[in-house]
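Worksheet: the structure to be examined is printed underneath.
Note that the structure is predicted; figures quoted are calculated from it, not measured.
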There are 2 protein chains.
Amino acid sequence: MGRVRIVDVARRAGVSSATVSRVLANKPYVRPELRQRVLAAAQELGYRPSRVARTLRTQRARIIGLLISDIENPFFTSLVRAVEDVAYAHDYAVFLCNTDENPEKEQLYLDLMVAERVTGVLISPTREQGVDCQGLQQAQIPLVAVDRRLRDRRVDTVVVDNVGGARRLVEHLLDDGYREIGAILPPPTITSGRERYQGLWEALHHRGLEPRSAWIRTGPPVQAEGYRLAREILGRHPRPQALFVGNNLLTMGALRAIRDLGLSIPGDVALVAFDDMDWMALVNPGLTVMAQPTYELGRAAAELLLRRLEDPDRPVEEVLLTPELRIRQSCAPHLGAGRPRGEVRASGQG
Amino acid sequence: MGRVRIVDVARRAGVSSATVSRVLANKPYVRPELRQRVLAAAQELGYRPSRVARTLRTQRARIIGLLISDIENPFFTSLVRAVEDVAYAHDYAVFLCNTDENPEKEQLYLDLMVAERVTGVLISPTREQGVDCQGLQQAQIPLVAVDRRLRDRRVDTVVVDNVGGARRLVEHLLDDGYREIGAILPPPTITSGRERYQGLWEALHHRGLEPRSAWIRTGPPVQAEGYRLAREILGRHPRPQALFVGNNLLTMGALRAIRDLGLSIPGDVALVAFDDMDWMALVNPGLTVMAQPTYELGRAAAELLLRRLEDPDRPVEEVLLTPELRIRQSCAPHLGAGRPRGEVRASGQG
DNA sequence: CTGTTAGCGCCTTCAT
DNA sequence: ATGAAGGCGCTAACAG
């Protein structure tokens with residue numbers, strides 16, 4: 001085992017375990033000489049404090065729990081990276097759990113976080129309600145929702161402006177002259193999906209248009225679903241001239257479907273997508289996307305959690321970040337043909 | 001806090017804490033009636049055992065540590081997913097750490113694993129040697145290396161056949177008539193990088209060819225480096241007709257560079273790559289890749305660790321998996337022009 | 001400034 | 001089949 005305990009170090013340094021503890025915790029009121037002796041003894045013995053014992057004693061593991069819904073989604077890995085950076089800087093470890101869009105797994109991990117007495121939890125919830133936070137509350141473990149909201153308004157939240165972002169994307173299509181617009185979206189049980197639908201709705205209504213339900217489909221945010229739904233929508237007669245896809249994985253599937261159908265973008269069907277992925281520009285330079293500030297999202301969430309820890313009584317906070325429209329200029333001229341309006345606009349407004 | 005302790009449950013059920021412990025651990029020798037009472041009491045009180053206390057007592061946290069070198073690399077996320085699935089099935093939690101190809105961070109996390117008294121550790125090491133496993137050994141925490149080897153031959157290892165895989169990729173180029181072949185590889189401090197270089201070397205030597213050092217570059221396996229090195233190599237006069245890229249992130253960078261240089265694949269430069277990414281076929285259907293069985297890799301590693309835990313004295317094991325050659329048929333005819341040999345071969349042999 | 005002491009919550013002999 | 005008691009390794013009062 002971690003054979004060498006604090007008393008071993010104490011004995012070797014000729015002091016008490018309390019002094020060793022103080023030295024290692026960098027507390028004041030220790031004679032420099034003793035400090036040296038202790039440090040040396042610890043070094044020589046290769047002493048590794050048991051974080052387990054410390055946690056039991058202090059009733060708080062210096063760990064931040066992070067529950068994401070799909071680790072294979074680049075969106076989340078970028079977020080993870082951000083959280084990790086912040087945690088690392090503040091001497092916290094990160095306990096990463098992949099809920100896999102599965103509410104049961106989510107609950108299981110939430111309970112695990114309680115059982116491990118983590119300091120705080122960041123979560124990107126699989127659904128808006130039905131999450132049992134009793135355990136967390138009882139154990140006074142703060143919770144912060146990232147990317148997706150929870151029904152419970154008492155939890156701090158960090159999200160992007162999904163309504164506005166979706167609206168700008170659709171407006172981009174409308175500005176280009178498209179009127180027959182289809183959409184593939186995450187289900188309304190996920191707040192971001194619902195909000196993006198609302199953005200679509202607002203954009204259309206602002207121009208006196210109605211969403212055509214035959215062209216609008218929702219499904220779990222996974223690639224296979226994007227593929228399936230895109231084929232379904234684009235297989236209809238008539239089919240929409242343009243597609244708004246509300247999630248990166250869905251977009252990936254849709255791109256595949258469009259390729260398999262032998263269609264070109266935007267010649268046969270125009271595409272705008274929420275979320276961005278690094279390789280999308282490689283796949284299709286003509287694609288316009290709403291890029292989320294993923295790293296910022298994670299950083300903001302982690303920092304919000306830290307603030308909450310400092311002052312448990314501060315008012316509930318909601319951070320709203322703004323996604324960025326990226327209009328990509330096609331560098332493959334043959335793909336540009338057939339676009340209602342050929343003009344390429346500068347990045348920025350929609 | 002987790003206010004309700006085992007004694008609270010015991011009191012409520014009118015038994016001792018020992019009985020509660022036995023019931024919750026599903027141990028025999030408890031009267032069914034008492035068992036019911038205990039279960040009911042635990043339920044009513046919302047009792048959540050402290051894993052921290054349990055760990056302190058048993059000296060082993062039911063956690064598997066997983067140290068990967070880059071969480072933003074899809075290769076690793078797929079591996080994470082596999083490990084998680086196995087762990088989950090065996091009632092282990094996974095403590096995921098991102099070393100970020102940084103040996104210091106790696107060491108820090110390794111120490112953290114010891115401090116947390118995890119059951120075992122899976123690692124994809126940042127480098128072959130210099131990893132201090134003293135702490136792990138002292139604490140008798142088994143270690144398994146995944147994807148990359150460690151110098152220390154006493155650790156169980158799960159890797160793919162990098163030499164053979166690289167060789168087959170290069171042979172694929174040679175079979176197509178290419179002779180002037182360049183390469184972009186991870187550095188030799190990473191075993192997979194070195195092994196892939198060896199595969200390249202073997203393929204060339206087998207045909208009486210020599211690697212041209214001016215066309216061969218190594219660098220950290222990140223996209224920016226792939227971009228830089230590809231530009232460098234392809235900017236030379238003369239430049240190679242074909243490129244072997246030995247890592248997915250490097251490939252991503254190389255693809256970007258090739259695009260920015262206005263070159264086409266394989267017309268201007270042929271490309272074969274180790275590692276596969278889901279979207280690569282979308283980016284360039286003509287790309288031939290050596291796909292790693294990433295999920296299998298993670299699963300094998302986790303299972304190897306589990307076996308090691310069951311029997312600490314079993315001989316050291318090395319699992320060698322075989323990557324799969326994927327020859328993609330170009331569906332963009334204009335990209336096929338200029339290829340020395342137009343024939344498209346079936347997937348399988350190189 | 002430093003040492004003594006009393007738990008944190010659980011599991012596990014040992015005795016009954 | 002059940003209970004009593006000790007201790008895992010550490011920190012935080014409290015004494016001095």
Side-chain angles (χ1 to χ4, degrees), chain A residues 1-39 41-42 45-62 114-119 135 138-140, chain B residues 1-39 41-42 45-62 111-112 114-119 135 138-140:
Chain A
M1 304 302 149
R3 275 257 150 279
V4 27
R5 296 147 305 165
I6 200 169
V7 291
D8 301 320
V9 178
R11 219 184 317 274
R12 173 140 193 158
V15 298
S16 77
S17 68
T19 300
V20 176
S21 177
R22 279 191 271 262
V23 170
L24 268 39
N26 246 318
K27 295 239 171 119
Y29 307 125
V30 181
R31 255 164 50 215
E33 183 208 330
L34 284 194
R35 190 173 290 268
Q36 286 312 315
R37 287 225 305 270
V38 168
L39 256 22
L45 295 175
Y47 171 64
R48 315 241 168 238
S50 162
R51 285 177 60 111
V52 179
R54 176 181 303 167
T55 299
L56 180 58
R57 180 60 236 253
T58 62
Q59 286 302 299
R60 205 95 292 180
R62 208 163 171 83
V114 176
E116 293 285 0
R117 303 292 191 266
V118 302
T119 304
Q138 224 171 317
Q140 307 209 64
Chain B
M1 303 301 149
R3 272 261 150 279
V4 27
R5 295 148 303 162
I6 200 170
V7 291
D8 301 319
V9 178
R11 219 184 317 272
R12 175 143 194 156
V15 298
S16 76
S17 69
T19 300
V20 177
S21 178
R22 279 192 270 263
V23 170
L24 267 41
N26 246 318
K27 296 241 169 115
Y29 306 125
V30 180
R31 258 164 48 215
E33 182 209 330
L34 285 195
R35 191 173 291 270
Q36 286 312 316
R37 286 227 305 270
V38 169
L39 257 21
L45 294 176
Y47 170 62
R48 316 241 170 236
S50 161
R51 285 175 61 110
V52 180
R54 176 180 303 168
T55 299
L56 180 60
R57 179 61 235 257
T58 62
Q59 286 302 298
R60 206 95 292 181
R62 209 165 170 82
D111 291 346
L112 178 64
V114 176
E116 293 284 0
R117 302 294 190 265
V118 302
T119 303
Q138 225 172 317
Q140 307 209 66

Discussion item. Without decimals, in angstroms, what is the distance between B:Gln138 CD and D:dG9 P?
Written reply: 13 Å
Worksheet item: Closest to the B:Ala53 side chain: D:dG9, C:dC10, D:dA1?
Response: C:dC10
Item to complete: Output the single nucleotide from D:dT2, C:dG9, D:dA12 whose closest atom is nearest the side chain of B:Leu34.
Response: D:dT2
Worksheet item: Between B:Leu56 (CG) and D:dG6 (C1'), how many Å, whole number?
Response: 13 Å
Practice prompt. Give a yes or no on whether the backbone of A:Gln59 and the side-chain of A:Arg117 come within a donor-acceptor separation of less than 3.5 Å.
Written response: no
Worksheet item: To the nearest angstrom, how far is B:Arg48 atom CZ from C:dC10 atom P?
Response: 13 Å
Worksheet item: Heavy atoms, side chains only, cut-off 4.5 Å: are A:Val9 and A:Arg12 in contact?
Response: no
Practice prompt. Could you check how far CG of B:Asp8 sits from C1' of C:dC10, rounded to whole Å?
Written response: 13 Å
Worksheet item: How is B:Val7 classified with respect to the nucleic acid when contacts are heavy atoms under 4.0 Å: base, sugar-phosphate, or nothing?
Response: nothing
Worksheet item: From D:dG9, C:dT12, D:dA12, pick the nucleotide closest to the side chain of B:Gln59?
Response: D:dG9
Worksheet item: Is any side-chain nitrogen or oxygen of A:Ser16 closer than 4.0 Å to OP1 or OP2 of C:dT4?
Response: no
Fill in: Whole angstrom value for the distance that separates P of D:dG9 from CZ of A:Arg11
12 Å
Item to complete: Measure from CD1 on B:Ile6 to P on C:dT12 and round the result to the nearest Å.
Response: 11 Å
Worksheet item: If only side-chain N and O atoms of B:Thr19 are considered, is one of them under 4.0 Å from the OP1 or OP2 phosphate oxygen of D:dG3?
Response: yes
Worksheet item: If only side-chain N and O atoms of A:Lys27 are considered, is one of them under 4.0 Å from the OP1 or OP2 phosphate oxygen of C:dC1?
Response: no
Worksheet item: Does B:Tyr47 have a side-chain nitrogen or oxygen under 4.0 Å from the phosphate oxygens OP1 or OP2 of C:dC10?
Response: yes
Worksheet item: Counting N and O atoms only, with roles assigned by atom type, does the side chain of B:Arg54 sit under 3.5 Å from a partner on the main chain of B:Arg62, one being a donor and the other an acceptor?
Response: no
Discussion item. What is the separation between atom CD on A:Gln36 and atom C1' on C:dC1, rounded to the nearest whole Å?
Written reply: 16 Å
Worksheet item: When all nucleic acid strands are considered with a 4.0 Å heavy-atom cut-off, which category describes A:Val52: base, sugar-phosphate, or nothing?
Response: nothing
Worksheet entry | Nearest listed nucleotide, side chain of A:Arg5, among D:dC10, C:dG3, C:dC1 | D:dC10
Fill in: Side-chain-base donor-acceptor pair under 3.5 Å for A:Arg22 and C:dG3
yes
Worksheet item: What's the shortest heavy-atom distance between A:Gly46 and A:Val4, and which atoms?
Response: O-CG1, 4.1 Å
Worksheet item: So do A:Leu39 and A:Val23 actually touch side chain to side chain, heavy atoms under 4.5 Å?
Response: yes
Discussion item. Minimum heavy-atom separation for B:Leu56 and A:Val52, please, with both atom names.
Written reply: N-CG1, 3.5 Å
Worksheet item: Hey, is the side chain of B:Arg31 poking within less than 4.0 Å of OP1 or OP2 on D:dT2, counting only N and O atoms?
Response: yes
Item to complete: Between B:Pro49 and A:Pro28, name the one whose nearest nucleotide on DNA chain C is closer to the 5' end.
Response: A:Pro28
Item to complete: Round to a whole Å and report the spacing from CZ of A:Arg54 to P of D:dC8.
Response: 18 Å
